[in-house]
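Have a look at the structure below before the remarks.
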Amino acid sequence: MSRTVNNLLGLAVLSYLTERPMHPYQLNRTLKDRDAARTFKLSYGALYGVVGQLAEAGLIRASGTGQRGRLPKHTVYELTDTGRAEMRAWLAELLSEPRYEYPAFAAALSLVVVLPPGEVADLLRTRLGRVASAAAEIRDQRDATVATGVPPLFLIEDDYRIALLDAEASFITTFLGKIEDPENGWSGPWQAYHASQDPGQAGNQADTPGGTTGADQ
């Protein structure tokens with residue numbers, strides 16, 4: 001549905017203001033402390049702009065001023081009733097309605113046939129290693145945070161990221177198997193495509209494992 005403020009950082013601001021009124025510096029610090037940069041495109045400039053949009057839309061309002069150290073005074077904002085209702089509706093929509101987000105990896109897979117299968121296999125192995133490292137890093141951070149007494153519920157987005165990375169690793173492993181198995185029938189069409197694009201390379205690719213694009217899976 002169409003919203004006055006569409007930046008998901010705005011939803012974070014509305015949600016954090018349910019805890020207490022805050023000025024933009026406090027919001028920025030809270031977002032960083034909770035590692036929100038993994039979830040939202042976070043910068044102080046972007047946050048300040050979103051705060052202005054929320055205020056203009058009547059979703060938050062100024063409730064006073066605050067100051068931290070030698071920093072200039074900041075306007076302190078609180079959530080309005082309209083903002084609370086918007087936050088609940090927005091969050092309910094995101095939780096209940098799947099949204100296609102045009103992932104870059106899917107775009108690359110749709111075009112993968114233009115690279116030789118051997119090169120694709122090497123690239124996928126590199127990605128697989130990085131995916132495994134990212135999943136392990138998130139697991140370690142999540143477990144360390146839970147060990148300090150933070151309820152796992154407050155880290156559920158980390159469980160989601162890990163699940164996505166694990167699913168991607170499984171997909172890549174399966175795809176690599178299809179590329180490198182000469183009996184599965186994928187090598188012929190892939191090699192034939194490259195031979196048709198550059199007949200001089202046909203002989204060079206005779207022993208190269210084959211595969212397919214994401215569209216043929």
Side-chain angles (χ1 to χ4, degrees), residues 1-95 97 99-105 107 130-131 133-165 168:
M1 88 182 264
S2 177
R3 300 195 177 279
T4 306
V5 179
N6 292 313
N7 189 333
L8 288 173
L9 189 55
L11 178 59
V13 171
L14 294 175
S15 299
Y16 283 15
L17 287 180
T18 63
E19 300 176 13
R20 68 183 189 281
M22 286 186 259
H23 55 65
Y25 180 85
Q26 290 173 311
L27 285 165
N28 187 59
R29 184 71 267 164
T30 303
L31 284 160
K32 287 184 176 180
D33 288 346
R34 298 182 187 179
D35 204 18
R38 286 183 180 271
T39 306
F40 305 97
K41 292 183 178 180
L42 180 60
S43 71
Y44 187 74
L47 175 63
Y48 198 83
V50 164
V51 166
Q53 293 173 14
L54 293 171
E56 185 176 350
L59 303 178
I60 62 176
R61 63 176 170 238
S63 64
T65 58
Q67 190 169 12
R68 183 182 179 89
R70 296 182 178 180
L71 292 173
K73 286 187 177 180
H74 292 80
T75 301
V76 176
Y77 292 94
E78 65 181 4
L79 193 63
T80 65
D81 290 342
T82 301
R84 189 178 301 274
E86 174 73 357
M87 176 202 66
R88 294 177 63 86
W90 195 351
L91 189 55
E93 177 189 330
L94 293 177
L95 286 172
E97 299 180 15
R99 177 182 297 179
Y100 190 73
E101 298 177 345
Y102 303 98
F105 187 40
R130 290 170 176 168
V131 166
S133 296
E137 179 184 354
I138 295 172
R139 281 192 179 92
D140 289 345
Q141 290 180 350
R142 178 202 59 191
D143 293 346
T145 303
V146 170
T148 66
V150 175
L153 171 62
F154 292 100
L155 302 168
I156 190 63
E157 71 275 17
D158 284 342
D159 289 339
Y160 176 65
R161 293 188 189 98
I162 292 168
L164 289 181
L165 290 168
E168 182 176 327

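Nothing fancy with the numbering, it's 1 onward along the sequence. Only heavy atoms go into these numbers, but all of them, side chains included; no hydrogens, no water, no symmetry mates.
Salt bridge annotation for R161-D158: present, with a cationic side-chain nitrogen under 4.0 angstrom from a carboxylate oxygen. Ion pairing between a basic and an acidic side chain is recognised when a charged N comes within 4.0 Å of a carboxylate O; E93 and R3 show such pairing. Salt-bridge annotation for R139 and D143: absent, with no side-chain N of the basic residue lying under 4.0 Å from a carboxylate O of the acidic one.
Listed for the Q26 side chain is a donor-acceptor partner under 3.5 Å among the backbone atoms of H23.
The environment of OH in Y102 is sparse: at most 12 heavy-atom neighbours from other residues, nucleotides or ligands sit within 6.0 Å. Other residues, nucleotides and ligands place no more than 12 heavy atoms under 6.0 Å from the CZ atom of F154. Other residues, nucleotides and ligands contribute at most 12 non-hydrogen atoms within 6.0 Å of the OH atom of Y48. Other residues, nucleotides and ligands place more than 12 heavy atoms under 6.0 Å from the CG atom of D33.
Considering OG1 of T39 and OH of Y160, their distance stands at 10.5 Å, rounded to 0.5 Å. Once rounded to the nearest 0.5 Å, the distance linking CD of Q141 with CZ of R38 reads 4.5 Å. Here CG of L79 is found 5.0 Å from CZ of R84. Values are rounded to the nearest 0.5 Å. Annotation: the span from T18 atom OG1 to E78 atom CD amounts to 13.0 Å, rounded to 0.5 Å. Distance check: S63 OG to L17 CG gives 9.0 Å after rounding to the nearest 0.5 Å. Going from atom CG of L47 over to atom CZ of R29 covers 12.0 Å, rounded to the nearest 0.5 Å.
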Full working for side chain to side chain contact (heavy atoms under 4.5 Å, CB included) between Q53 and T4: CA-CA 8 Å; Q53 293 173 14; T4 306; over 6 Å; no
Can you list the steps and then say if T75 with Y77 is a side chain to side chain contact (heavy atoms under 4.5 Å, CB included)? CA-CA 6 Å; T75 301; Y77 292 94; 3.8 Å; yes
Could you go step by step and tell me if M22 and V76 meet the side chain to side chain contact (heavy atoms under 4.5 Å, CB included) rule? CA-CA 5 Å; M22 286 186 259; V76 176; 5.6 Å; no
Check the pair L94, L8 against side chain to side chain contact (heavy atoms under 4.5 Å, CB included), reporting the backbone distance first and the verdict last. CA-CA 10 Å; L94 293 177; L8 288 173; 3.6 Å; yes
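The side-chain heavy atoms of L155 and D159, taken from C-beta on, include no pair separated by under 4.5 Å. A heavy-atom distance below 4.5 Å is found between the side chains of I162 and R142.
By the 6.0 Å and 45° rule, R34 stacks over the aromatic ring of Y16.
Closest non-hydrogen pair, R20 versus T30, comes out as NH2-OG1, 4.3 Å. Nearest heavy atom pair, residue V51 against residue I60, reads O-CD1, 3.6 Å. The two residues A46 and K41 make their nearest non-hydrogen contact at CB-O, 4.4 Å. Among all heavy-atom pairs drawn from N7 and W90, the shortest one is O-CH2, 3.2 Å.
Test L54, T80, L91 against L14 for side-chain contact (heavy atoms from CB on, under 4.5 Å) and you get one pass: L54.
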